[in-house]
Amino acid sequence: MFCTECGEKLTLMFKTDEGLVPYCNNCKEYRFPRFATAVIMAVTNREKNKILLAKHNGQNEYILFAGYVKKGETAEKAVTREFKEETRLDTVKYKYLYSRYHEPRNVLMLGFLVMAEDGVAVPDENELEEVKWFDLDEAQQIIKKDSTAEAILKSAVAEIKKL
């Protein structure tokens, strides 16, 4: 790891109440790790009996909707913006579920359960090849196993079944 300010190689140094933290000997500053923040959404219909999944261009697997939180934007705003951009549908309501760090992309994923307005989802052709509704059990069967998406989807389905 290198300092984001001066480029110096960082060393680990003990900081009270923090433990070992990357430290820049040149700047004399602790450099806490930085990572992106994104939202990931399990999208249901109003009847709460279907989940909308997407297939990215050139990909074979169905995934949940997700997108990065832009600078100055709240996670809630990112949920409504990203979903509308990718499907042309509005969100009726949403509920935060939990967060999960996604190491392959160095991103903190904020998981939401989203209810979509009624209508036809039109995939953003620049990103998505297809969007399709699945019943709850089918969605859980088709989603990539041992993935962040599967973990969020399982949590969302459990939440739906409690309602």
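Keep in mind that what you see is a predicted model, and the values were worked out from it rather than measured. All heavy atoms count here, side chains included; hydrogens, waters and symmetry mates do not.
Applying the salt bridge (Lys or Arg N to Asp or Glu O under 4.0 Å) criterion to D118, with sequence neighbours excluded, gives R46. Residues forming a side-chain hydrogen bond (donor to acceptor under 3.5 Å, both in side chains) with D135 (at least two apart in sequence, or on another chain): none. A search for side-chain hydrogen bond (donor to acceptor under 3.5 Å, both in side chains) contacts involving N106 returns Y101, not counting sequence neighbours. Partners of N45 by side chain to side chain contact (heavy atoms under 4.5 Å, CB included), not counting sequence neighbours, listed by chain and number: E47, N49, K50, W133. With sequence neighbours left out, the salt bridge (Lys or Arg N to Asp or Glu O under 4.0 Å) criterion links K77 to no other residue. Remark: E73 engages R81 in a salt bridge (Lys or Arg N to Asp or Glu O under 4.0 Å) (not counting sequence neighbours).
Residues L52 and V122 fall into different hydrophobic clusters, defined by Ile, Leu, Val, Met, Phe, Trp and Tyr side chains chained together at heavy-atom separations under 4.5 Å. The same ILVMFWY cluster, assembled from side-chain heavy atoms under 4.5 Å apart, contains both F112 and L108. Under the 4.5 Å side-chain heavy-atom criterion for ILVMFWY residues, a single connected hydrophobic cluster contains both I143 and I160. Linking Ile, Leu, Val, Met, Phe, Trp and Tyr residues whenever their side-chain heavy atoms come within less than 4.5 Å leaves I63 and V69 in two separate clusters.
Counting only residues at least two apart or on different chains, the side chain to side chain donor-acceptor pair (under 3.5 Å) pairs with a member in residues 148-163 are K95-E159, H102-T148, E159-K162. Judged as a salt bridge (charged side-chain N to carboxylate O under 4.0 Å, His left out), not a single pair has a partner in residues 9-19 (not counting sequence neighbours). Sorted by first and then second residue, the ring-ring contact (aromatic ring centres under 6.0 Å, His included) pairs with a member in residues 140-163 form an empty list; sequence neighbours excluded. Contacts classified as side chain to side chain donor-acceptor pair (under 3.5 Å) and involving residues 54-67 (residues at least two apart or in different chains) are given here: Y62-E130.
Within a 6.0 Å radius of NZ in K145, other residues, nucleotides and ligands contribute more than 12 heavy atoms.
Residues Y68 and K70 fail the side-chain proximity criterion, which asks for heavy atoms closer than 4.5 Å. Contact check for Y98 versus I152: side-chain heavy atoms found under the 4.5 Å cut-off. Side chains of L136 and I51 form a contact here, defined as non-hydrogen atoms less than 4.5 Å apart.
The two atoms that bring M109 and A66 nearest to each other are CE-CB, 4.1 Å, heavy atoms only. Closest approach of A54 to V131, counting heavy atoms only: CB-CG1, 4.0 Å. Closest approach of T44 and K48 over heavy atoms only: OG1-CA, 3.2 Å. Between L153 and A139, the shortest heavy-atom distance links the atoms CD2-O, 3.5 Å.
Rounding to the nearest 0.5 Å gives a distance of 5.5 Å between OH of Y96 and CG of L110. The distance from the CG atom of L113 to the OH atom of Y94 is 12.5 Å, given to the nearest 0.5 Å.
The other residues sharing a hydrophobic cluster with M115 are V92, where clustering joins ILVMFWY side chains under 4.5 Å apart.
Each of V43, L53, V79, V114 was checked for a side chain to side chain contact (heavy atoms under 4.5 Å, CB included) with F65, and the lone residue meeting it is V43.
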Please list every donor-acceptor pair under 3.5 Å in which a side-chain atom of residues 20-42 meets a protein atom from a residue at least two apart or in another chain.
| from | atom 1 | to | atom 2 | distance (Å) |
| --- | --- | --- | --- | --- |
| K28 | NZ | N25 | O | 2.6 |
| Y30 | OH | F14 | O | 3.1 |

